[in-house]
Asks: 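Dropping a structure here in structure tokens format, bear with me for questions.
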Amino acid sequence: MAVAMMQTPLQLRLQPRPPAVVAARHRRRLQSGFPPPNPRRGGGWCRCCANADAGKAQAQARRAYPYDEIEPRWQRHWEEHRTFRTPDIGHGLDTSKPKCYILDMFPYPSGAGLHVGHPLGYTATDILSRFKRMQGFNVLHPMGWDAFGLPAEQYAIETGTHPKITTERNINRFRSQLKSLGFSYDWDREISTTEPTYYKWTQWIFLQLLKRGLAYQAEVPVNWCPALGTVLANEEVIDGVSERGGHPVIRKPMRQWMLRITSYADRLLEDLDELDWPESIKEMQRNWIGRSEGAELEFSAVDKEGHDLGANLLVYTTRPDTIFGATYVVLAPEHSLLSSLISEEQRVHVEEYIELTARKSELERTDLQKEKTGVFSGSYAKNPATGEIVPIWVADYVLGSYGTGAIMAVPAHDSRDHEFALKYKLPIIKVVSPLNGNCDSEEAYADDGIMINSSSSSSGLNIDGMLSKDAALKVTEWVEANGFGKKKVNYKLRDWLFARQRYWGEPFPVIYRDDTNEMLPLQENQLPLTLPELDDFTPTGTGEPPLTKATDWVKTVEPLSGKPARRETSTMPQWAGSCWYYLRFMDPQNASMLVDKAKESYWGPVDIYVGGAEHSVLHLLYARFWHKVLYDIGVVSTKEPFKCLINQGLILGEVTKVGDHYVLKDDANIRLNARAYKMSKSRGNVINPDDVVSEYGADSLRLYEMFMGPLRDSKTWSTGGIEGVHRFLGRTWRLVVGTPLPDGSYGVGTTVTDEEPTLDQLRVLHKCIARVTEEIQETRFNTAISAMMEFVNAAYKWDTQPKSVIESFILLLSPFAPHMAEELWFRLGNSRSLAHEQFPEGKSEYLKESKLVLPVQINGKTRGTILVDKECSEDDAFQIAASDEKLSKYLTGKGIRKRIYVPGRILNVIPR
């Protein structure tokens, strides 16, 4: 029986779930449009649902307090009274008060709904939002949906359901789940990137980029996935296959829209220093931008006899000092001049290599752990410093999108070049000697040092004996003076590929004249250009986007001339809508401008932005780029969009050990190669928050996720842990309401009294207030909960619970467990919600400790301690020590020769 009582929906899948929980799940499925679970029984409930009533009494006996009655009631109250609505400027908002804009990263509403990992960040921002409201701040805490994108389109293709339908259904499910957890979002500001009223302004921003030359079209090699029928970003390709679906990806040149993010590289780099972000995230952005200083050098192409081929190769290097050690040149397989440099003898080999490279992502090609490959082009280049002829090779570790797509290879001083040279038996010439003279002759030496073997009488360049940095400057000056190159700053950051060959995205607001193919932007008064309805949105398989099938929509006319034109059929990437959504939350209903200046000036920037570290580069970098463009054109008043960034950790699936290995607790057949795993549908370790709410209540889930550990750390889910915090909430409930009646219900009154609190009670309370306040401000929510648990433990020892003390504690609890706090607040005689009550403040007079522990020595040796008042006199301290059971044996019957007393520090008694 004890084992049966412990079974929960979160334990092993093969164990029976409590009937009430299963019934609730089946009812939710029917309400969501799913077919009945057992149609053979006439479409009625299945057997486990029929047994729900029988299990109700058992569930009621197990629950620690009536959360299933409390939570729906207060959720209805908040919705009906619009408790968390933030008024607009000019319509009730007191702008003399400080503001706090707290934002969750825009969620994508997937068909799977939430798992318990999602509410981790949402609960944290909700606690902060409720806390700030109670401190008198105007709080903006909105929610919306990043709903365009490839996942919705793929699901639509697989099921034959239009993505608009599945997206709306998914949004409704997400919204319902979020509301069931009691989050204090201002739902009046809800937005979706798929609404024309929203993407009108995404299109408007694109037109501003176009006007300023920051949007352009180019023929670029892209990651083309035939199965998905779209271009993928480098980060969406893993080991040559698509991250979603695992489909093969090839490199293919296509004409694409690009955004010139590189024009903002320096500002994106410099302004990182002003941000209150995790240093690891800032460092990742610095590395992604990858600013480097070096030189662009010119090598002339020649044949094997040294005859000029009429082509000059620009190479970029951060180490121009090593030019005398350049023993070969490497071109990227996609280099624009390569086809003209391939000898007839090598053409077949080079073309085969190019085709092989096209199947690799850039991340694969630059992986330092992978074996270097390449092929000789059949041509040569002349080193401008030495005049010597060196071979031109083709290798995939050089990228056409970085630098010039060509490098001078210095194998003695670069590990990649060294590995390549050894494999293909190319010359290795050392030109840098370590300052200490010690160098491993078998490895590439990549650090600075003293130049050796670095002079040429024919070119007149001599840097022998110079330090590397001085030599680099001299080489750069020499190539500039002789017309062989120039100083150059380079970036790893590449322009943003901003088009996808798919249906479910924002249409580009441009047209092309049929007669001239001239691209023309739409006028701003023609926005939004809405996405046409399509029955067939499957990939064409040719690279042509699905929108080409909307022939009536594609065909249009140029407004000024009336001449035939056609629309752009690619769509914007999913990142577009999430680049600026934080601005629209400030003014979501504005039809005449992206955001009102007064509203943006008051609310911007976002004060606290919470989301996963996986967005450290793409979303955050793109949003910063767009924000800076909007700053330059006067739309926003701040240089940066997000003032403080917090990355929450992951919640990992629950595991258990079987023998010498770990398995999923919910499916012992799934063996793991690590002790903890990120939750995902594919691993079968997803825990549905609906089940947790059904069995323990939303407040228990909120409290447990915050109690698991520091917000920024990853944690492993434990069913036992949530049962613990559920019991704590039950104790809190009974502390105020009293014990249940014989039938399990609770009376309408409380156990609190109107008595004045004692000094000890006030000290316990204000110590809790001070600690909870500090821990919330520092986002140490787990230790804030510990402080409240300590308070409840202490309160249970009191003879009475004064109303003033209990009310203050309930206000402390409310950001964490808002449903219970509201119910208790109401039971204490308060008629309105506590959401905007003042958060308690710890008073210093109650935080000072009145007593201290005093060490007592006998003949100079510490024998024990006593508890005394801080102002305790020497005589009083001695009397307390003499009456102490442990110390009295050293003093009874003995005269005292001397007493040494240092107040607050020590008492030393020397008997005769």
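Note that the structure is a prediction, hence the values are computed from the model and not measured. We count residues from 1, following the sequence as given.
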Asks: Under the 3.5 angstrom rule, does the side chain of Asp276 hit a backbone N or O of Lys643 as a donor-acceptor pair?
Replies: no
Asks: Test your reading of the model: is there a side-chain donor-acceptor pair from Asp146 to the backbone of Pro107, 3.5 Å cut-off?
Replies: no
Asks: Backbone N or O of Glu871 within a donor-acceptor pair of the Asp869 side chain at under 3.5 Å?
Replies: no
Asks: Nearest 0.5 Å, what's the CG-OG1 distance between Leu140 and Thr86?
Replies: 5.5 Å
Asks: Tell me if the aromatic rings of Tyr746 and Trp733 count as close, with their centers under 6.0 Å from one another.
Replies: yes
Asks: Donor-acceptor pair, Tyr704 side chain versus His726 backbone, under 3.5 Å?
Replies: no
Asks: For the residue pair Arg731 and Tyr796, would you count it as a cation-pi contact if the rule is NZ or CZ under 6.0 angstrom from the ring centre and within 45 degrees of the ring axis?
Replies: yes
Asks: Looking at Trp798 versus Phe791, is the centre-to-centre ring distance below 6.0 Å?
Replies: yes
Asks: Using 30° and 60° as the class boundaries, would you call the ring planes of Trp74 and Trp78 parallel, tilted or perpendicular?
Replies: tilted
Asks: For Ser833 and Ala835, indicate whether the former's side chain and the latter's backbone hold a donor-acceptor pair under 3.5 Å.
Replies: yes
Asks: Can you name the residues that form a side chain to side chain contact (heavy atoms under 4.5 Å, CB included) with Leu867, not counting sequence neighbours?
Replies: Lys851, Val853
Asks: Any side-chain donor paired with an acceptor under 3.5 Å for Asn138 and Tyr602?
Replies: yes
Asks: Not counting sequence neighbours, which residues clear ring-ring contact (aromatic ring centres under 6.0 Å, His included) with Phe642? List them please.
Replies: Tyr582, Tyr609
Asks: Output side-chain donor-acceptor pairs under 3.5 Å for residues 837-844, partner residues at least two apart or in another chain, one line each.
Replies:
from   : atom 1 : to     : atom 2 : distance (Å)
Glu837 : OE2    : Arg832 : NE     : 3.4
Gln838 : NE2    : Glu841 : OE2    : 3.4

Asks: Mind checking whether Phe106 and Phe585 have parallel, tilted or perpendicular rings, split at 30° and 60°?
Replies: perpendicular
Asks: Is there a donor-acceptor pair under 3.5 Å between the side chain of His77 and the backbone N or O of Glu822?
Replies: no
